[in-house]
Amino acid sequence: MADRRDAQMPCSPAGTGKTRRRLPFSKTAPIPTITGFPPSRSARMTPPTPPSRPTDAADDGTHEQGHPLTGTEEKGVAAALEKSRRDKLARLAALGKDPWGSRFDGAQPIAAVRTAGEALRRPAGEPPAEDGPTVRVAGRIMLQRSAGSLVFLDLADRSGRIQVMLGKKQVGPEAWQVADCLDLGDIVGIDGRLGWSKTGEMTIFAAGLEFLTKSIETPPDKFHGLVDPELKQRQRYLDLIHGEGVRDRFIARSRIVASVRQTLTDRGYLEVEGPTLQESAGGAAARPFKTHHNALDMPLVLRIALELHLKRLLVGGLERVFELGRVYRNEGLSPRHNPEFTLLEAYEAYGDYRSMMDLTEAVIRNAAAAAGTPARLTWMGHEIDLGKPFRRVGYDDLLREVTGCDPTDPASVVATAAARGLDTAGRHPDVVKSELFESSCEAGLSGPVFVIDYPAAICPLTKRKAGQPQVAERFELYVAGMEFANAYTELNDPDLQEELFRTQLAGLPADESMARMDHDFIRALRHGMPPAGGLGIGIDRLVMLLTQASSIRDVILFPLLRPAEDPRTRPAGG
RNA sequence: GCCCCGUUAGCUCAAUUGGUCAGAGCAUCUGACUCUUAAUCAGAGGGUUCUAGGUUCGAGUCCUAGACGGGGCACCA
């Protein structure tokens, strides 16, 4: 199957090196036998031959030839390393062992085995103890040390690492032949007695060795691991195996997300799922990704926010709803922005932005506990205390405190902004005020701090404060100068909402599909949406904070990357 | 989209002011070793110095353009 697909590849100029392809091995491939093991790129050149020792295979000379269809050349370190591994794969097949393994029941987590092993501790210098309980583990070979007829493996599973000793006499001749085919990165199952080595290392003394999966690729440097940030992102699976703390960080992410769900469901919120494909993208000021539905011959966009559909559900009487999902914004990339990111939005009927502040604190504090993050921490150079109630400060009060201007006097705001080099010509005073705030106040907000009561002109979806039409009931939560959450007392006046939409649309280019009026949303409001508080929290940033990451790419398993053209990222024919 | 920095073997890194500098460790192969642990010891193979031009007697090194990545700015969450 693999060969036929490869043979259908169009011919390409020989020697370009651009068309190298990885053979699509899969677990559905036939189990290799002595005469029918999977062909390697090099082996395809010759009829299947009985598996041989590497020395014999190296002497036939055929492995140095190129492939007639792809122009692939077999040369270089990468090819030599792969050949060595494929030779061992063939030897395993010759021994009647499936190099791709099968079900292996009853393996204990290595961490649990280690816990049991502690009770048997034997200090270095004492005779080795090999009389502990029988254990069974499975994992990847991280390190391999051979001392003649003894081989030590460091085996890793998702819970931890442990040393395994394979002795020629102890495992018997058949398993010893298998042991001779092991490479770093292979996956094996081990049965043996738990004990301690002469040098004081907890060790499983293997009695049985089950080969489970061959690794054809060479793993990264066993000591340094993967350090190239590009490779760490492009080949996250390797980063997870070798990166310091990488796996723990994504485990923490999973626990944080689970905790957020739990906090909300505990408070009577219903988790719902809105549409990702939409006719027009609303609820935020961002450009959407465009796509197309074939059967309906209809242009669609990916959602940029969750808001408008969740509010429809408030109209529908669900009262407390949240969605924890992916949104997509066609914006630039940065250490704090990925085009797709995970957003929590929660809406509570009969609440307001103050209820959302309480909810926000609960969500973050519970998530920190779930992730095992201490309440007091240093992140991005800011001292942060999540333990005590978050500070709440008025937008105008903060602006006055930092800049010395009078926020209630537009002339004072504009003059202060101009003095700080901001462009003020012909702009709405509240817009100038917003820019002054962003340039002068945000970076200093170590937080966590709720900035409350925003200028109404920059909050088109927000209810005004009673008796103060120029002030919107909105807060933003800042931590380390970065926006973490955004919440409102939601606007439920359909006539005012429609008017604000129209005002918003008037200032935007006609081809911005984000700027389309959502008539059905207005109609929903006309049926009556209860007064409500609404909250949005950027989950990726929350994970950054709670796992001490400085880049959003460190908390997203597969961040968006440009296609790799650099040959360095396509090693060994990939 | 703009600015700065980076790219050398599969991985991690060296290479004086442009001058035999294309090297080391890991990994791989061969040999030794039944308590090693980044195992060690002896030997071997392995390179389009990201790509394409240019300057020069001579370019990994200098210049131009491009690709990719990182950081910053802008936009946003």
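This is a predicted model, so every value here is computed, not measured. In what follows, every chain begins at residue 1, and chains take the letters A, B, ... in the order their sequences are listed.
The separation of B/G19 from B/C62, taken at their P atoms, amounts to 11 Å, rounded to a whole angstrom. Nucleotides B/A9 and B/G58 are separated by 26 Å at their P atoms, to the nearest Å. B/U36 and B/G31 have their P atoms separated by 23 Å, given to the nearest Å. Remark: the separation of the C1' atoms in B/U28 and B/G46 is 9 Å, to the nearest Å. Taking atom C1' in both B/C63 and B/G25, one finds a spacing of 35 Å when rounded to whole Å. Nucleotides B/U49 and B/A22, compared at atom P, are 13 Å apart to the nearest Å. Going from the C1' atom of B/U56 to that of B/U17 covers 16 Å, rounded to whole Å. Look at the C1' atom in both B/G23 and B/U16: the space between them is 15 Å, to the nearest Å.
Mapping A/L150 and A/L333 onto RNA chain B by nearest heavy atom places A/L150 at the nucleotide closer to the 5' end.
For residues 332-342 of chain A, the salt bridge (Lys or Arg N to Asp or Glu O under 4.0 Å) pairs, not counting sequence neighbours, are A/R326-A/E340.
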Could I get a table of every N or O pair under 3.5 Å where one atom is in the protein and the other is in nucleotides 75-77 of chain B?
unit_1 : atom_1 : unit_2 : atom_2 : d
B/C76  : O2     : A/H337 : NE2    : 2.0
B/C76  : N3     : A/H337 : NE2    : 2.3
B/A77  : O5'    : A/R329 : NH1    : 3.4
B/A77  : O3'    : A/E483 : OE1    : 3.3
B/A77  : O3'    : A/E483 : OE2    : 2.8
B/A77  : O2'    : A/R541 : NH1    : 2.6
B/A77  : O2'    : A/R541 : NH2    : 3.2
B/A77  : N6     : A/N338 : N      : 3.4
B/A77  : N6     : A/N338 : O      : 2.6

Close N/O contacts between protein and nucleotides 23-27 of chain B (under 3.5 Å):
unit_1 : atom_1 : unit_2 : atom_2 : d
B/G25  : N2     : A/D221 : OD2    : 2.6
B/C26  : O3'    : A/K222 : NZ     : 3.0
B/A27  : OP1    : A/K222 : NZ     : 2.2

Identify the pairs formed between an N or O of the protein and an N or O of nucleotides 2-5 of chain B at a distance under 3.5 Å, and give each distance.
none

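Computed from coordinates, the A/K198 NZ to B/U36 P distance equals 7 Å when rounded to whole Å. Taking atom NZ of A/K169 as the reference point, atom C1' of B/C33 lies 13 Å away to the nearest angstrom. A/R145 has its CZ atom 7 Å from the P atom of B/A38, to the nearest Å. When the C1' atom of B/G70 is taken as reference, atom CG of A/D554 falls 12 Å away, rounded to whole Å. The distance from atom CD of A/E217 to atom C1' of B/U28 is 14 Å, rounded to the nearest whole Å. The distance between atom NZ of A/K232 and atom P of B/C11, rounded to the nearest whole Å, is 14 Å. Here the P atom of nucleotide B/A9 and the CG atom of A/L231 are 11 Å apart, to the nearest Å. In this structure, A/I141 atom CD1 and B/U28 atom P are separated by 11 Å, rounded to whole Å.
Donor-acceptor pairing under 3.5 Å is lacking for the side chains of A/R553 and A/N338. Judged purely by distance below 3.5 Å, without hydrogens or angles, the side chains of A/R303 and A/S280 never pair a donor atom with an acceptor atom. With 3.5 Å as the limit, one finds no donor-acceptor pair spanning the side chains of A/N486 and A/Y454.
Listed nucleotides: B/U34, B/C13, B/C35. Nearest to the side chain of A/T199: B/C35. With B/G69, B/G72, B/U34 as the choices, the nucleotide that has an atom nearest any side-chain atom of A/S149 turns out to be B/U34.
Within the nucleic acid shown, A/R161 has no heavy atom closer than 4.0 Å to any nucleic acid atom. Nucleic acid contact class of A/G225 (heavy atoms, under 4.0 Å, all strands): sugar-phosphate only. No engagement by A/E345 is indicated, since no non-hydrogen atom pair under 4.0 Å with the nucleic acid exists.
For a distance-only test at 3.5 Å, the side chain of A/E201 fails to qualify as a donor-acceptor partner of the base of B/U36. For B/C35, its base never sits under 3.5 Å from the side chain of A/Q163 at any donor and acceptor pair.
With sequence neighbours left out, the side chain to side chain donor-acceptor pair (under 3.5 Å) criterion links A/S551 to no other residue. Under the rule for a ring pair (Phe, Tyr, Trp, His ring centres under 6.0 Å), A/F322 has no partner lying at least two apart in sequence or in another chain. Applying the side chain to side chain donor-acceptor pair (under 3.5 Å) test to A/R249 and every residue at least two apart in sequence or in another chain returns A/T547. By the ring pair (Phe, Tyr, Trp, His ring centres under 6.0 Å) test, A/F390 pairs with A/F450, sequence neighbours left out. Partners of A/Y488 according to the ring pair (Phe, Tyr, Trp, His ring centres under 6.0 Å) rule, which considers only residues two or more places apart in sequence or in another chain, do not exist here.
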Go through it in stages, so that I can follow the logic: the residues are A/F484 and A/Y478, the test is ring pair (Phe, Tyr, Trp, His ring centres under 6.0 Å), and I'd like the CA-CA distance, side-chain angles, deciding distance and then a yes or no. CA-CA 6 Å; A/F484 266 70; A/Y478 284 90; 9.1 Å; no
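Side-chain atoms of A/D157 do not come within 3.5 Å of backbone N or O of A/G139 as any donor-acceptor pair. Between the side chain of A/W196 and the main chain of A/G117, a donor-acceptor pair closer than 3.5 Å is present. The backbone N or O of A/Y347 lies less than 3.5 Å from no partner atom in the side chain of A/K311, so there is not a single donor-acceptor pair. No donor-acceptor pair under 3.5 Å is formed between the side chain of A/R329 and the backbone N or O of A/P339.
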Quiz: residues 166-179 of chain A side-chain donor-acceptor pairs under 3.5 angstrom, not counting sequence neighbours:
unit_1 : atom_1 : unit_2 : atom_2 : d
A/E174 : OE2    : A/K97  : NZ     : 2.9

Which donor-acceptor pairs under 3.5 Å do side chains of residues 140-148 of chain A form with protein atoms, sequence neighbours excluded?
unit_1 : atom_1 : unit_2 : atom_2 : d
A/R140 : NH1    : A/G185 : O      : 2.8
A/R145 : NH2    : A/D154 : OD1    : 3.0
A/R145 : NH2    : A/Q163 : OE1    : 2.7

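Contact between the side-chain N/O atoms of A/S197 and the OP1/OP2 oxygens of B/U36 is not found at any separation under 4.0 Å.
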Given pairs defined as Watson-Crick or G-U wobble with both distances under 3.5 Å, what dot-bracket annotation applies to RNA chain B, with ( ) intrastrand, [ ] crossing, | other strand and . unpaired? (((((((..((((.....[...)))).(((((.......))))).....(((((..]....))))))))))))....
